[in-house]
Amino acid sequence: MTTSVSLPINFVTMRSFSLSRICLSLSILVASSGLLVAQSEMVCDPVGFNKIPCPTNSDTIVGVPLRAKGSQKATLSALPDTTTLPGSAILSVAGSPGWTAGAYAGTHFVKFTSGALDGSFYAVTANTADTLTIDLNGDNVGAVVATDTLLLAQYWTLNTLFPPADATTEPATTKIAIVASINTYTTGRRTELLLPDLVSSGTNLAPTQTFYIYSGVWRKQGDAVNDYGSTRIQPDSYFIVRHTSKVTASTTYLCLGEVEMGNFAIPLSTQSTTGLNTRQDNFVAVPRPINVTLSQLGLVPGAFVASTSPYTPGRKDELLVFNNASQAFNKSASATYYYFNNAWRKQGASFTLDFGTDVIPAGAGFLVRKAPTVGGVTSFWVNPATYP
């Protein structure tokens, strides 16, 4: 079960009101009863919070439902330069923002907010006072026009999402969701944070990176010396909060930040039609602070391939969800859905029933298991906002 603020009643909403891209000043204080005005902070979109319980002795599969505060809006002043650096694009923006050179490299991403690439996001690799260099990651920006708008936002990291100084200790009743470990060995581990395998091909892929807090620093399994607090968390992918058996009380994962008001494009990888296991798991979390139904996801038509039959081999793409309330490690899916005959169907139930109103809780992670495609084409799922 998640606790979040519902739009539009309980979210503090506002409009972007601009002279030379000046945003209104807004701030909040999160309290158990809701939102209260506390201190000024520049934001361009509404701010809210989301809470997810993390049971003991269990994995909780979650994403980041809100954007880190402090994002900036901009408008292009020219077509992207894609010739200076192959595989990258240099974006020139209007209004002379006066950015510090290199300030956003490796820590921020650009999301287009209009035009043909509305919702698509790219990592920033360099910047000047008025340009942003982005890694295209095999994509192209040929359809972008000189007046398209964009958002410059900071990646969440282990440190910013779960500050080590705020980590709780046993009994785990206060502070952040992560319980600090008492040593670097498995016997001393309390809470671990696992990142999924976003590189390998196939299904049922095991997490590839495991982190934990010890002595006020984020450590990585296999390296108990270095600080991994700057590790980025992708805005469209889930991660796992694992409370080992040594955590005696449940904690709450609280996320506070800006609400994603526009489209958000999530790439979904596929494999080619050759090989033994040709389906591909995509570890997904929708960056929205409200519950969404399957029908509201915007997966169909477009990025999600409808099945031609409820049976193999007519079954195509599948959506797998997990039950965060159940206590288990390495959880199997609690339900598997597919799209057939213009409706969402559920594995194990009659294919005449429509499950489009089934809900994915705010902040919950899930899998999109893609059927193979010729050439292993990546499809882009444009998830729309379901609030004003």
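Computed from heavy atoms alone, side chains included, the values below leave out hydrogens, waters and symmetry copies. Predicted, not measured: the structure shown is a model, and the values here were computed from it.
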Review point. With no hydrogens and no angle check, is any side-chain donor or acceptor of Asn282 less than 3.5 Å from a backbone partner on Val368?
Key: yes

Contacts of Ser215 meeting side-chain contact (heavy atoms from CB on, under 4.5 Å) (sequence neighbours excluded), chain-then-number -> Arg219

From the list Thr149, Asn263, Thr75, side chain to side chain donor-acceptor pair (under 3.5 Å) with Ser114 holds only for Thr149

query = Considering only heavy atoms from C-beta outward, does the side chain of Leu150 approach that of Leu91 to under 4.5 Å?
reply = yes

- [ ] Go through Phe112 and Val144 one step at a time and tell me if the side-chain contact (heavy atoms from CB on, under 4.5 Å) criterion holds.
- [x] CA-CA 9 Å; Phe112 285 94; Val144 171; 4.0 Å; yes

Using distance only, find each side-chain donor-acceptor pair of residues 303-312 under 3.5 Å and give its atom names and separation, not counting sequence neighbours.
| residue | atom | partner | partner atom | Å |
| --- | --- | --- | --- | --- |
| Ser307 | OG | Lys316 | N | 2.9 |
| Thr308 | OG1 | Gly314 | O | 3.4 |
| Ser309 | OG | Tyr311 | N | 3.1 |

On a heavy-atom basis, the closest approach of Ala285 and Gly63 is CB-CA, 3.5 Å

Please examine the side chains of Asn324 and Pro361, heavy atoms only from C-beta on, and report whether any two atoms are closer than 4.5 Å. no

query = Between Val141 and Thr82, is a side-chain contact (heavy atoms from CB on, under 4.5 Å) present by the stated rule, with each step listed?
reply = CA-CA 8 Å; Val141 290; Thr82 57; 3.6 Å; yes

In short, Gln72 meets Tyr104 closest at the heavy-atom pair NE2-OH, 3.1 Å

ask   = Between the main-chain N or O of Asp197 and the side-chain N or O of Ser200, is there a donor-acceptor pair closer than 3.5 Å?
value = no

How about Pro46 and Met261: do any of their side-chain heavy atoms sit closer than 4.5 Å? yes

Practice problem: Determine whether Gln234 and Tyr155 make a side-chain contact, defined as any pair of heavy atoms from C-beta on separated by less than 4.5 Å. | Solution: yes

Sorted by chain and residue number, the ring pair (Phe, Tyr, Trp, His ring centres under 6.0 Å) partners of Tyr122 (sequence neighbours excluded) come out as none

Looking only at heavy atoms, the pair that brings Ser92 and Thr131 closest together is OG-CG2, 3.7 Å

- Task: State whether the side chain of Ser295 and the backbone N or O of Gly356 hold a donor-acceptor pair below 3.5 Å, judged by distance alone.
- Result: yes

Hits for side-chain contact (heavy atoms from CB on, under 4.5 Å) against Thr100, two or more places apart or cross-chain, chain-then-number order -> Ala103

Output for pair (Cys255 SG, Arg67 CZ), nearest 0.5 Å, gives 11.5 Å

Report the C-alpha separation of Ile266 and Val284 in whole Å, then their side-chain angles, then the decisive distance to 0.1 Å, and conclude whether the side-chain contact (heavy atoms from CB on, under 4.5 Å) test is met.
CA-CA 8 Å; Ile266 299 175; Val284 175; 4.3 Å; yes

Hits for ring pair (Phe, Tyr, Trp, His ring centres under 6.0 Å) against Phe162, two or more places apart or cross-chain, chain-then-number order -> Tyr253

**Item:** Contact check, side chains of Thr168 and Arg190, non-hydrogen atoms, under 4.5 Å
**Value:** no

With heavy-atom distances below 4.5 Å as the criterion, would you say the side chains of Thr357 and Val359 are in contact? no

- Task: Give a yes or no on whether the backbone of Pro65 and the side-chain of Asn50 come within a donor-acceptor separation of less than 3.5 Å.
- Result: no

(Q) Would you say that Thr128 contacts Trp99 through its side chain, given a criterion of any heavy-atom pair below 4.5 Å between the two side chains? (A) no

Interatomic distance, CG@Leu195 vs CZ@Phe283, rounded to 0.5 Å, equals 11.0 Å

Review point. Would you call Ile240 and Thr60 a side-chain contact if the rule is heavy atoms closer than 4.5 Å?
Key: no

*Within 45° of the ring axis of Phe351 and under 6.0 Å from its six-membered ring centre, is that where the NZ or CZ of Arg345 lies?*
no

Checking the side chain of Thr191 only, and the main-chain atoms of Val179 only, is there a donor and an acceptor separated by less than 3.5 Å? yes

Yes or no on side-chain contact (heavy atoms from CB on, under 4.5 Å) for Leu151 and Val110, after CA distance, side-chain angles and deciding distance? CA-CA 6 Å; Leu151 185 83; Val110 162; over 6 Å; no

Residues 293-315 vs salt bridge (charged side-chain N to carboxylate O under 4.0 Å, His left out), sequence neighbours excluded, gives Arg315-Glu318

So NZ of Lys73 and OG of Ser71: to nearest 0.5 Å the spacing works out to 7.0 Å

For Thr56, the side-chain contact (heavy atoms from CB on, under 4.5 Å) test, sequence neighbours excluded, returns Val247, Ser250, Gln327

Interatomic distance, OG@Ser88 vs CD1@Ile134, rounded to 0.5 Å, equals 8.0 Å

On a heavy-atom basis, the closest approach of Leu297 and Trp381 is O-NE1, 2.8 Å

Residues at least two apart in sequence or cross-chain that pass salt bridge (Lys or Arg N to Asp or Glu O under 4.0 Å) with Asp59, listed by chain then number, are Arg242

Students often mix this up, so state it plainly: with edges at 30° and 60°, are the rings of Trp344 and Tyr339 parallel, tilted or perpendicular? perpendicular

Discussion item. Using only atom types and a distance under 3.5 Å, with no angle test, would you say the side chain of Thr252 pairs donor to acceptor with the backbone of Leu254?
Written reply: no

Between Phe322 and Lys331 the two heavy atoms that sit nearest each other are CE2-O, 3.6 Å

Those residues at least two apart in sequence (or on a different chain) that pass salt bridge (Lys or Arg N to Asp or Glu O under 4.0 Å) with Asp236 are none

- Task: Check for a donor-acceptor pair, side chain of Ser272 on one end and backbone N or O of Gly375 on the other, with a separation under 3.5 Å.
- Result: no

Using a 3.5 Å distance criterion without hydrogens, assess whether the side chain of Ser181 forms a donor-acceptor pair with backbone atoms of Thr184. no

With sequence neighbours left out, the residues meeting ring pair (Phe, Tyr, Trp, His ring centres under 6.0 Å) with Phe121 are Phe109, Phe264

Is the backbone of Arg189 close enough, under 3.5 Å, to the side chain of Thr244 for a donor and an acceptor to pair up by distance? yes

Here the gap from Leu85 atom CG to Thr133 atom OG1, rounded to the nearest 0.5 Å, amounts to 6.0 Å

The reported gap from CD1 in Ile213 to OG1 in Thr169 (rounded to nearest 0.5 angstrom) is 11.5 Å

- Does the side-chain hydrogen bond (donor to acceptor under 3.5 Å, both in side chains) test come out yes or no for Thr83 and Asp81, once each step is laid out? CA-CA 6 Å; Thr83 58; Asp81 172 3; 3.1 Å; yes

Residues 370-388 vs salt bridge (charged side-chain N to carboxylate O under 4.0 Å, His left out), sequence neighbours excluded, gives Asp317-Lys370

- For the pair Lys69 and Glu258, find out whether any cationic side-chain nitrogen is under 4.0 Å from an anionic carboxylate oxygen. no

Tightest non-hydrogen contact, residues Pro55 and Ala325, listed as CG-O, 4.5 Å

Hits for side-chain contact (heavy atoms from CB on, under 4.5 Å) against Val377, two or more places apart or cross-chain, chain-then-number order -> Thr373

Note to self: Quick one about Tyr228 and Asp223 (side-chain donor to acceptor, distance below 3.5 Å, no hydrogens or angles considered), yes or no?
What the structure shows: yes

Donor-acceptor pair, distance only, cut-off 3.5 Å: does the side chain of Thr113 make one with the backbone of Gly119? no

